[in-house]
Amino acid sequence: MITTTLTFDELAALMKQAAGVTVDVRELEKAPDAPFATLGVDSLGLLGIVGELENRYSVALPTDAERCKTPSEFLGLVNDALKTGV
């Protein structure tokens, strides 16, 4: 079982790496319920983030991860999956 959690810092880095979107971590933390679309992350970008996380942690994330609308929702789902290994 993996004992790590994905943080806003790491999510911001992944958004830049996998989706090509630069987001200020402080702004992300202040508005965790801002829709990904308003941050410039589309469904393909989110799919890239999911793929990177699956490769990094060798865990298949739930298909719902690709459908998350906000960073808060995404972090909750990913961190739950990392805790349970599912």
Side-chain angles (χ1 to χ4, degrees):
M1 184 178 341
I2 296 172
T3 58
T4 190
T5 57
L6 185 65
T7 65
F8 283 107
D9 246 359
E10 293 166 309
L11 179 57
L14 284 166
M15 288 168 73
K16 183 171 185 171
Q17 174 188 349
V21 175
T22 301
V23 178
D24 185 315
V25 176
R26 292 177 303 260
E27 294 302 317
L28 199 56
E29 290 173 333
K30 285 181 188 174
D33 294 319
F36 276 120
T38 63
L39 298 169
V41 178
D42 61 10
S43 59
L44 192 56
L46 194 54
L47 186 60
I49 293 168
V50 169
E52 177 60 32
L53 288 170
E54 288 178 334
N55 289 335
R56 182 180 294 178
Y57 296 113
S58 298
V59 172
L61 296 176
T63 55
D64 290 347
E66 301 164 10
R67 297 185 193 115
C68 288
K69 301 294 183 199
T70 68
S72 177
E73 179 184 5
F74 185 77
L75 287 176
L77 188 129
V78 169
N79 286 330
D80 283 347
L82 290 176
K83 283 180 197 170
T84 62
V86 176

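When a residue number appears, it is its place in the shown sequence, counting from 1.
Residues P71 and L39 form a side-chain contact, since some pair of their non-hydrogen atoms from C-beta on lies under 4.5 Å apart. Two residues are said to be in side-chain contact when any heavy atoms from C-beta on lie closer than 4.5 Å; F36 and I49 fail this criterion.
Between the side chain of E54 and the main chain of L61, a donor-acceptor pair closer than 3.5 Å is present.
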F74 vs L53, side chain to side chain contact (heavy atoms under 4.5 Å, CB included): CA-CA, chis, key distance, verdict: CA-CA 12 Å; F74 185 77; L53 288 170; 3.8 Å; yes
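The distance from atom CG of N79 to atom OG1 of T84, rounded to the nearest 0.5 Å, is 10.5 Å. With values rounded to the nearest 0.5 angstrom, T4 atom OG1 is found 4.5 Å from Y57 atom OH. The CG atom of D33 sits 14.0 Å away from atom NZ of K69, with the distance rounded to the nearest 0.5 Å. Here the straight-line distance linking atom CG of D24 with atom NZ of K30 works out to 8.0 Å at 0.5 Å rounding. Once rounded to the nearest 0.5 Å, the distance linking CZ of R26 with CG of D9 reads 10.0 Å. Summarising the geometry, atom OG1 belonging to T7 is positioned 9.0 Å from atom CG belonging to L14; distances are rounded to the nearest 0.5 Å.
When all heavy atoms are compared, the tightest approach of L28 to M15 is CD2-SD, 4.2 Å. A pairwise comparison of heavy atoms in T70 and P32 identifies CB-O, 3.6 Å as the closest pair.
Applying the salt bridge (charged side-chain N to carboxylate O under 4.0 Å, His left out) definition to pairs two or more places apart or across chains, none involves residues 10-20.
In the hydrophobic clustering of this structure, L82 does not group with L77; members are Ile, Leu, Val, Met, Phe, Trp, Tyr whose side-chain heavy atoms approach within less than 4.5 Å, directly or through other members.
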